[in-house]
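All heavy atoms count here, side chains included; hydrogens, waters and symmetry mates do not.
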Amino acid sequence: ALESAIEADPYDIAAWDGRLKEAIQAGSATDVFERAVKQLPFAARMWAGYAECAELLETAQAMAVYQRCLQQVPNLDLWTTYLGFCKRFLPLEDVLRAYTRAVDLLGTDTRAGLLWAEYLSLLKHTYNTQQKKDNPDAEVSGKLLAEDASPVEAARRSLKPALKKRIEGTKAADLSDDEFLRVGEVLKIDVDFLRRIFQRAVSTAHSALEKLWIGYEQFEKSLGNPPMAQKLLGEHMPRFVRAKAAFKELQTLYSGVDHFAIAVPLQQKNAEQQGKLMKKWRGVLQFERTNPLRLGRKDLQARVTLVYQQAALACAFHAEFWHDFAEWLDLGGQREEATAVLRRAVERFLPSELTLRLLVAQRHELNEVPPSASSLEAADEEYEKLLNDMPKPCPLALINYLAYLRRQRGAGEFRSAFLEATENSPHCTWEVYLFAAQTEYHVYGSEDAAAKVFRLGLERYGEREPSLLAAYVNFLVGANDLRGARAELSRGVLDRLQAAVRDRMSNRSDPRLHDSLAFLWQKWSRLERYFGDASAVQRVASFRDEEFRNLQRDQDVEEDAVVETPAALGLSMTIRQVEEGFRFGHLVPQASSAPQPVKAPRQEDSSPSASATAPAAASAAAAASTAAAPSASSSDPPAASA
């Protein structure tokens, strides 16, 4: 059952947890862990569990697991597990190197108090050992620092006898003062080194600040130079105070954040949970970006970048998150890193996220001004991959590619690519024809070429897509060709009346046909109301009724059975449609009525076929408002409904 659940949804975390538990109990977890981390490569707790299971089998096997995940998963809990492994099985030098790596990567984590405390505990013992060697009276003269319990010894005391045998007689077993002296010399742990670590530890927000500040004060005072100690402590006291205040605020912001959360694709069933998680991380990031610690630019960039990287472990399927991350890197002058972040986002998590993919391609194009050959080559590759990868059809991807060709290659290549797309591209829809017509008119100033492109599109889509016809009408009106606009609308209405009558005679009904017929007729009525005379308005109604009667007669309907008006075909006017008929731009009258309950959208309302054929508000408004006309608002007052 668990395998079936995983097969049905590879991101079913509960199913993975259950399957891993089964495999561990059966003593054959390696293969299942491999599958889990392949599917969820940034899941910190999956990696931690894998390493802990491997540790029971062989030390080298556990180390191999850690080496695969530590750099790509900046999660403090995972690194804490790794440091526990190091303390149990590795030589002292390797333990200290591991702590150095950990604080360099995660030292600014709000939960890093224990990490700093354990690291400094080992460093202080190393320092004290050196002091006792150099000065036998160090303890009496107050040169030694107060020490805490050794984290290495504490970890090894808890080892089971079978695991303790692994390090018996090995270099890892040596925790003598001589070994601390040797490691101190190799790692150059001296006064300056220890001071830098103390100062870093007391200048960042975490839970061990008070304890470490006391240790830092003792360290500076133990050096026998009170003026210098007072000076350095005075310089770092404000940083310490700011860190305490920031930690208090961050504790509240981080409350409820699951640091082991695993990023999963956004679905209806997890939308609420994912929304709350994203909101939590957004609050943390917004606070960090205000620079409460008053860090320098470089340090602030590194600190906030780490928070973004940690948030990505849980929010990687939120496109807005990656955009914010890239924007932050751009603000810090890290443009190449920002592009790399977006590229990783679409490659690893959101391959069908059109906004991010277009942004990546655009960044390559605009990487240099003027663009170099290498930048354009990178942009070409991105657009090619975009067109190959996106679900079909995706007209916006093709439109942006054609716009890119026009900007960088010129009119000839733009036109050739457009014509080729009309024949071969699965992404070519009526919107692409509209875009090409707009380009011909607005960029190249050719009214004739734009009209030809519109006509090509209408030949292909006219019967199915009233929005393209509406856009062409807007273009004609904007070009002051009202005669042409009337002709196109009358032809569109007539074509749909003919189809509606045929459906009626065959006892068929197509709601989309009725919608498009009403849509075009209302658009024609508005055109005449605002730009025609009174007789023209009357002609619209007369045309509708007369043609409807004539079409019935052409179908050999007996005269007594001829219906006078096409009200049954979608042309009767509700009060809302009357309101739309009087719309001017965003101005529309509002008739008083009782509030209507909100209805759930029909399934077909969101389908590609419905959006491509029915005159839905979004589709129609887009066609009208983006039509290739000198002035969309003047060419079609009811733009929102056209």
Side-chain angles (χ1 to χ4, degrees), residues 335-336 339-340 342-343 346-347 351-462 465 467-468 471-472 474-476 478-479 612 622-623 625-630 632:
R335 182 171 177 79
E336 291 185 5
T339 302
L342 291 173
R343 180 188 287 275
V346 299
E347 288 177 350
S352 298
E353 185 63 44
L354 181 59
T355 303
L356 295 185
R357 299 208 59 167
L358 290 173
L359 191 56
V360 171
Q362 177 182 285
R363 292 178 71 90
H364 283 300
E365 177 191 357
L366 305 180
N367 187 47
E368 300 172 274
V369 180
S372 64
S374 60
S375 294
L376 293 182
E377 183 179 353
D380 288 339
E381 292 177 0
E382 284 297 329
Y383 278 113
E384 182 179 355
K385 289 191 293 184
L386 170 62
L387 293 171
N388 288 334
D389 295 346
M390 291 305 293
K392 280 89 175 159
C394 182
L396 193 54
L398 179 57
I399 287 170
N400 275 271
Y401 174 59
L402 292 173
Y404 160 71
L405 290 179
R406 177 194 61 76
R407 291 191 300 269
Q408 301 299 340
R409 313 290 192 205
E413 192 157 341
F414 163 76
R415 287 169 176 148
S416 296
F418 167 66
L419 291 175
E420 182 180 352
T422 63
E423 297 177 359
N424 302 319
S425 176
H427 299 297
C428 188
T429 62
W430 68 270
E431 292 94 341
V432 178
Y433 283 87
L434 171 58
F435 167 72
Q438 288 181 309
T439 302
E440 292 292 351
Y441 186 85
H442 291 296
V443 179
Y444 301 120
S446 175
E447 185 177 327
D448 291 341
K452 288 178 181 178
V453 174
F454 271 120
R455 294 306 312 166
L456 283 173
L458 289 171
E459 289 174 8
R460 182 171 178 179
Y461 297 103
E465 187 44 69
S467 294
L468 181 59
Y472 185 31
N474 289 349
F475 166 76
L476 293 172
S625 62
T626 61

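A donor-acceptor contact shorter than 3.5 Å links the side chain of Asn400 to the backbone of Leu396. Proximity of a side-chain donor or acceptor of Arg357 to a complementary backbone N or O of Ser352 within less than 3.5 Å is not detected. A donor-acceptor contact shorter than 3.5 Å links the side chain of Arg460 to the backbone of Thr422.
Salt-bridge check for Arg343 with Glu382: passed, with a basic side-chain N closer than 4.0 Å to an acidic carboxylate O. No salt bridge links Lys452 with Glu440; every basic N to acidic carboxylate O contact stays at or beyond 4.0 Å.
Atoms CD and CG, from Glu347 and Leu356 in turn, are 12.0 Å apart once rounded to the nearest 0.5 Å. The NZ atom of Lys392 sits 14.0 Å away from atom OG1 of Thr429, with the distance rounded to the nearest 0.5 Å. Atom CG of Leu354 and atom SG of Cys394 lie 4.5 Å apart (nearest 0.5 Å). In this structure, CG in Leu366 is found 10.0 Å from OG1 in Thr339, a value given to the nearest 0.5 Å. Atom CD of Glu384 is separated from atom CG of Asn388 by 6.0 Å, given to the nearest 0.5 angstrom. Expressed to the nearest 0.5 Å, how far CZ of Phe454 lies from CG of Leu476 amounts to 8.0 Å.
The ring pair (Phe, Tyr, Trp, His ring centres under 6.0 Å) search around Tyr383 returns Tyr401, Tyr404, not counting sequence neighbours.
In plain terms, the two heavy atoms of Leu458 and Tyr472 that are nearest each other are CD1-CD2, 3.3 Å. Closest non-hydrogen pair, Leu405 versus Glu413, comes out as CD2-OE2, 3.9 Å. Nearest heavy-atom pair, Pro395 versus Glu431, reported as atom, atom and distance to 0.1 Å: CG-OE1, 4.2 Å. Listed here is the closest heavy atom pair of His364 and Ala378: ND1-CB, 3.6 Å. The two atoms that bring Leu434 and Ala471 nearest to each other are CD1-CB, 3.7 Å, heavy atoms only. Closest of all the heavy-atom pairs between Ala437 and Ala450 is O-CB, 3.4 Å.
Between Tyr444 and Arg406 there is a side-chain heavy-atom pair separated by less than 4.5 Å. A 4.5 Å side-chain heavy-atom check between Ser425 and Leu398 finds at least one atom pair inside the cut-off. Using a 4.5 Å cut-off on side-chain heavy atoms (C-beta onward), Val443 and Phe414 make no contact.
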Side chain to side chain contact (heavy atoms under 4.5 Å, CB included) between Leu402 and Val432, worked out: CA-CA 9 Å; Leu402 292 173; Val432 178; 3.9 Å; yes
Full working for side chain to side chain contact (heavy atoms under 4.5 Å, CB included) between Arg409 and Asp380: CA-CA 11 Å; Arg409 313 290 192 205; Asp380 288 339; 2.4 Å; yes
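Classification of the Tyr441-Phe475 ring pair by plane angle, with boundaries at 30° and 60°, yields perpendicular.
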